[in-house]
Asks: 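A single structure is presented below for examination.
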Amino acid sequence: MTRTEQLTQGKGTEAIRSKGRWLALSVLVLAVLLVAVDATVLGLATPSLSEDLKPTGSQLLWIGDIYSFVIAGLLVSMGSLGDRIGRKKLLLTGAIAFGAVSVLNAYATSPEMMIVARALLGVAGATLMPSTLALIRNIFHDPKERSLAIGIWGATASAGAAVGPVLGGALLQHFWWGSVFLINLPVMAVLVLVGSKLLPESKNPVTGPWDLFSVALSLVGIIGVVYAVKEVATHGPTTEVWVAAALGAACLYAFVRRQFALSAPLLDMRLFKHRGFSGAVLADLLTVFGLSGLVFFLSQFLQLVQGRDPLEAGLAELPAAIGAVVTGLVAGRYARRYSVRAIVAGGLGAIGLALGVITLVHRETGYPLLGAALLVVGLGAGFSFTVTADVILSSVPKEQAGSASAVSETAYELGAALGIALLGSIVTGAYQKFTAPAGVPAEVADAAHESLGGAVEASRALDPATAHGMVAAAQDAFVDGLRLAAGVGAAVLLATAVAAWFLLRGQRLQEGIEH
């Protein structure tokens with residue numbers, strides 16, 4: 001970058017700082033809203049999607065988690081690419097791609113096509129999240145304003161997680177399951193048109209080439225390891241699983257070694273020497289791990305076990321988002337008043353206790369217990385996620401904001417993928433142990449054991465009494481798995497709260513304006 005380019009970029013940033021930064025933030029949160037909506041809306045669409053495409057249990061899990069797998073594998077690479085070519089340019093290009101691939105998702109005609117479409121959506125999604133957080137780091141130079149901006153960013157993600165099921169539920173009442181992906185198009189159109197005018201461009205002025213070999217190593221490494229974990233949890237160790245695990249681990253090891261050797265690495269591994277940075281990343285990863293698998297199956301519990309329609313199920317999940325929005329907006333203020341570690345550890349502990357309450361649910365559990373647990377989950381997540389994102393961004397120079405944001409988002413997406421894979425596999429493993437009533441044909445029983453949605457669909461071929469018995473047995477087994485997964489999630493969150501208390505010792509958010 002020439003001196004003239006640097007001065008021009010500086011003037012653009014000053015203009016944003018003086019008058020347009022909050023309007024710019026409104027554009028950035030549109031991208032966050034979109035990715036969050038897309039991640040949660042699929043849970044509600046799963047029953048109708050299963051009925052139409054008829055995926056196996058394994059295919060259904062892949063449809064659910066391949067999006068997160070690919071995003072996790074590419075976030076570091078895309079964050080580094082944004083640092084090099086410009087974060088605004090990457091964000092707007094990714095937004096156009098996200099809209100186009102959403103159409104492919106909406107009109108998928110087979111489980112295989114749906115898995116591929118979700119993977120491509122993950123590629124596009126990987127360009128959005130690190131760009132938004134990195135641009136916030138470069139637009140907001142006052143640490144207190146930046147904390148509020150990050151709170152709004154996080155609150156929007158939480159709101160999107162709630163708006164997705166509600167909006168998706170409303171669409172599913174009147175249209176086919178593919179409509180839940182088409183809602184991406186108008187949001188993307190607004191983001192591109194307005195963002196091209198409002199957002200400033202920012203990049204790292206001192207950088208090197210984008211190392212494609214490192215990109216391949218990180219993608220293959222993360223997907224290989226996560227795939228192996230998923231398959232071991234579902235089917236036990238096999239030769240294929242060990243090969244995938246070995247390949248993934250070798251690629252990740254080679255990736256780390258290569259970053260130390262490169263003069264312009266994709267990811268500066270020295271960032272992890274900062275205890276606050278490492279502690280915040282670990283807290284993010286394990287928090288999402290504990291939450292994601294549970295949330296993925298909670299929509300199915302509300303619909304297929306308790307008989308709620310999609311819109312009602314979406315509304316039932318609102319308390320989590322409300323809690324996250326409320327605490328996300330004030331988290332930075334409280335972290336400065338008390339301490340970072342108190343707010344983060346307290347938030348994590350609250351989530352762990354709420355997940356512990358979920359271990360008490362059964363088929364007839366009333367909504368007040370579920371709603372209260374979801375509200376506490378949201379309150380804890382709003383505190384934890386907002387403060388850890390602030391710690392991660394403020395721990396690095398603003399020139400490395402893209403890489404730091406990508407690490408934060410990688411932890412989030414990797415946690416989501418592992419949570420769906422491991423906790424989801426616990427639910428699936430417990431579910432598949434149910435015994436179908438005597439007299440049920442073998443092919444019907446096999447279909448019922450694939451998934452709870454499959455059991456409901458297969459029961460239509462049986463007489464009413466037998467169908468009721470098989471569905472009731474399947475629902476009981478599903479709830480057993482849900483309780484077990486919630487217990488594992490609770491243990492993980494409580495342990496993470498203790499770890500955060502020690503790792504974030506002495507960590508503080510910045511006070512003064514940066515220069």
Side-chain angles (χ1 to χ4, degrees), residues 28-29 31-33 35-36 39-40 68 71-72 75 129-130 132-134 136-137 146-162 164 276-292 294-295 319-336 339-352 354-355 374-395 404-416 418-419 489 492-493 496-497 499-501 503-504 507 509:
L28 295 177
V29 298
V32 177
L33 182 69
V35 175
T40 57
S68 293
I71 284 184
L75 274 170
M129 297 301 281
T132 59
L133 205 50
I136 288 174
R137 175 70 170 83
R146 185 170 64 237
S147 291
L148 179 57
I150 291 172
I152 294 171
W153 178 88
T156 303
S158 301
F277 182 90
S278 297
V281 170
L282 179 65
D284 276 358
L285 188 150
L286 293 179
T287 301
V288 181
F289 170 85
L291 287 173
S292 57
L294 180 71
V295 171
I322 293 171
V325 168
V326 170
T327 52
L329 295 176
V330 300
R333 185 192 314 165
Y334 282 101
R336 287 180 173 86
S339 71
V340 166
R341 74 172 182 173
I343 297 302
V344 174
L348 295 173
I351 299 171
L355 292 183
L374 286 168
L375 178 62
V376 174
V377 164
L379 292 170
F383 275 131
S384 176
F385 284 138
T386 303
V387 175
T388 52
D390 204 337
V391 168
I392 289 168
L393 278 187
S394 61
S395 298
S405 302
V407 172
S408 173
E409 294 302 324
T410 300
Y412 187 98
E413 295 297 339
L414 186 57
L418 287 171
V492 168
L493 265 297
T496 305
W501 179 262
L503 288 172
L504 298 176
Q507 183 69 43
L509 299 185

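Computed from a prediction, not measured in an experiment: that's the story for all the values here. This chain uses plain numbering: 1 for the first residue, then up along the sequence.
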Asks: Is any side-chain heavy atom of Val326 less than 4.5 Å from a side-chain heavy atom of Val330?
Replies: no
Asks: Please name the pair of heavy atoms, one in Val391 and one in Phe277, separated by the smallest distance, quoted to 0.1 Å.
Replies: CG1-N, 4.5 Å
Asks: To the nearest 0.5 Å, how far apart are CD1 in Ile136 and CD1 in Ile152?
Replies: 8.5 Å
Asks: Quick one: list whatever passes side-chain contact (heavy atoms from CB on, under 4.5 Å) with Leu379, sequence neighbours left out.
Replies: Thr327, Leu375
Asks: If you define the side chain from C-beta out and look only at heavy atoms, does anything of Ile351 sit under 4.5 Å from Val376?
Replies: no
Asks: Shortest non-hydrogen contact from Ala335 to Val387?
Replies: CB-CG2, 4.0 Å
Asks: Rounded to the nearest 0.5 Å, what separates atom CG in Leu285 from atom OG1 in Thr388?
Replies: 11.5 Å
Asks: Applying side-chain hydrogen bond (donor to acceptor under 3.5 Å, both in side chains), can you list everything that pairs with Thr386, at least two apart in sequence or on another chain?
Replies: none
Asks: Is Ser384 reaching over with its side chain to a backbone N or O of Gly380, donor-acceptor style, under 3.5 angstrom?
Replies: no
Asks: Indicate the atoms forming the closest heavy-atom contact of Val377 with Ala354, along with that distance.
Replies: CG2-CB, 3.5 Å
Asks: Show me, pair by pair, the donor-acceptor contacts under 3.5 angstrom made by side chains of residues 341-350, not counting sequence neighbours?
Replies:
unit_1, atom_1, unit_2, atom_2, d
Arg341, NH1, Trp501, O, 3.0

